[in-house]
Amino acid sequence: MIDYVSLYAKRLAEDASLFRQQKMLIDSQIKASRQIFANRFGTGAEFKRNARRYLREMGLI
Amino acid sequence: MSGYVSIATGRTRGTEDIDVLVPLMSRDRFRQMFQDLQRAGFWCHQGDTPDKVFEYLQEGVSVRFAILDQMFPNAELIPVTEKRKTQRYELQHPQLMRIDDWTFKAAPIEFEILYTEKVLCGEKDLKDARHLRDFFKDILDAERFDEYSRII
């Protein structure tokens with residue numbers, strides 16, 4: 001069975017250009033997350049108010 | 001900063017947060033940092049006033065900062081108290097890491113690997129450790145593994 005974690009780590013160490021894919025993945029995650037929470041909580045003071053209410057309900061603050 | 005180090009070196013997985021160890025600090029010092037973060041465009045999950053948020057840290061409870069209008073990713077500031085012996089060691093023995101013009105401090109790679117394998121132990125964590133072992137195989141130091149094994 002191929003260990004993709006090891007395979008990718010070794011390839012990255014040899015070829016730094018593969019980091020471009022990594023950056024695309026992280027950027028897409030951040031963009032999606034930003035949109036989801038903007039849709040749900042709004043922006044500015046409204047965002048903070050709604051976000052904290054959500055965090056309290058989840059027992060996270 | 002276990003997850004962050006593996007992701008910063010190419011591990012292909014997402015993360016919701018970055019762990020940041022912070023030493024115990026005075027209220028004034030924390031207020032300064034809090035206001036600097038606000039000016040830089042961050043908000044704190046726990047509140048908008050530094051004095052209120054400082055109480056969390058005094059009780060050894062982490063607080064989180066994220067970019068305005070975002071939840072994730074966020075920085076979890078973990079206060080390093082006397083009880084947190086492993087984190088205290090990490091804080092006192094950092095390794096400087098540089099990615100282009102961004103420099104930050106993390107625990108030595110060998111320490112990160114051992115902590116991930118012995119303490120965190122989840123499937124995701126073990127994959128992170130494997131990634132670090134393979135990516136840094138040319139520079140890992142066996143003596144450091146021995147030394148850190150005794151601490152962890």
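Proteins come first, then strands; the chains are lettered A, B, ... in the order of their sequence lines, and each starts at number 1.
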Between [atom1] of [X] and [atom2] of [Y], what distance do you get to the nearest 0.5 Å?
{"X": "Ile78(B)", "Y": "Leu91(B)", "atom1": "CD1", "atom2": "CG", "result": "11.0 Å"}
{"X": "Leu60(A)", "Y": "Leu55(A)", "atom1": "CG", "atom2": "CG", "result": "5.5 Å"}
{"X": "Phe72(B)", "Y": "Ile67(B)", "atom1": "CZ", "atom2": "CD1", "result": "13.5 Å"}
{"X": "Leu24(B)", "Y": "Phe30(B)", "atom1": "CG", "atom2": "CZ", "result": "12.0 Å"}
{"X": "Ile152(B)", "Y": "Phe145(B)", "atom1": "CD1", "atom2": "CZ", "result": "9.5 Å"}

Which heavy atom of Pro79(B) sits nearest a heavy atom of Gly60(B), and at what distance?
CG-C, 3.6 Å
Kindly state whether the ring of Phe42(B) and the ring of Phe65(B) have centres lying under 6.0 angstrom apart.
no
Please identify, among Gly47(B), Gly10(B), Cys44(B), the residue contributing the most non-hydrogen atom pairs under 4.5 Å to chain A.
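The candidate making the most pairs under 4.5 Å is Gly10(B).
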Side chain, backbone, both or neither: which part of Ala66(B) has an atom under 4.5 Å from a heavy atom of chain A?
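Interface part for Ala66(B): neither.
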Select one option (side chain, backbone, both, neither) describing which atoms of Leu12(A) are under 4.5 Å from chain B's heavy atoms.
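The answer is both parts of Leu12(A).
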Which N or O donor-acceptor pairs, by atom type, sit under 3.5 Å across chain A and chain B?
unit_1   : atom_1 : unit_2    : atom_2 : d
Asp3(A)  : OD1    : Arg130(B) : NH2    : 3.2
Asp3(A)  : OD2    : Arg130(B) : NE     : 2.5
Asp3(A)  : OD2    : Arg130(B) : NH2    : 3.3
Ser6(A)  : OG     : Asp134(B) : OD2    : 2.4
Gln22(A) : NE2    : Ile7(B)   : O      : 2.8
Gln22(A) : NE2    : Arg11(B)  : O      : 2.9
Gly44(A) : N      : Asp69(B)  : OD1    : 2.7
Lys48(A) : NZ     : Asp48(B)  : OD1    : 3.2
Arg52(A) : NE     : His45(B)  : O      : 3.2
Arg52(A) : NH1    : Asp48(B)  : OD2    : 3.2
Arg52(A) : NH2    : Cys44(B)  : O      : 2.7
Arg52(A) : NH2    : Gly47(B)  : O      : 3.4
Arg52(A) : NH2    : Asp48(B)  : OD1    : 2.9

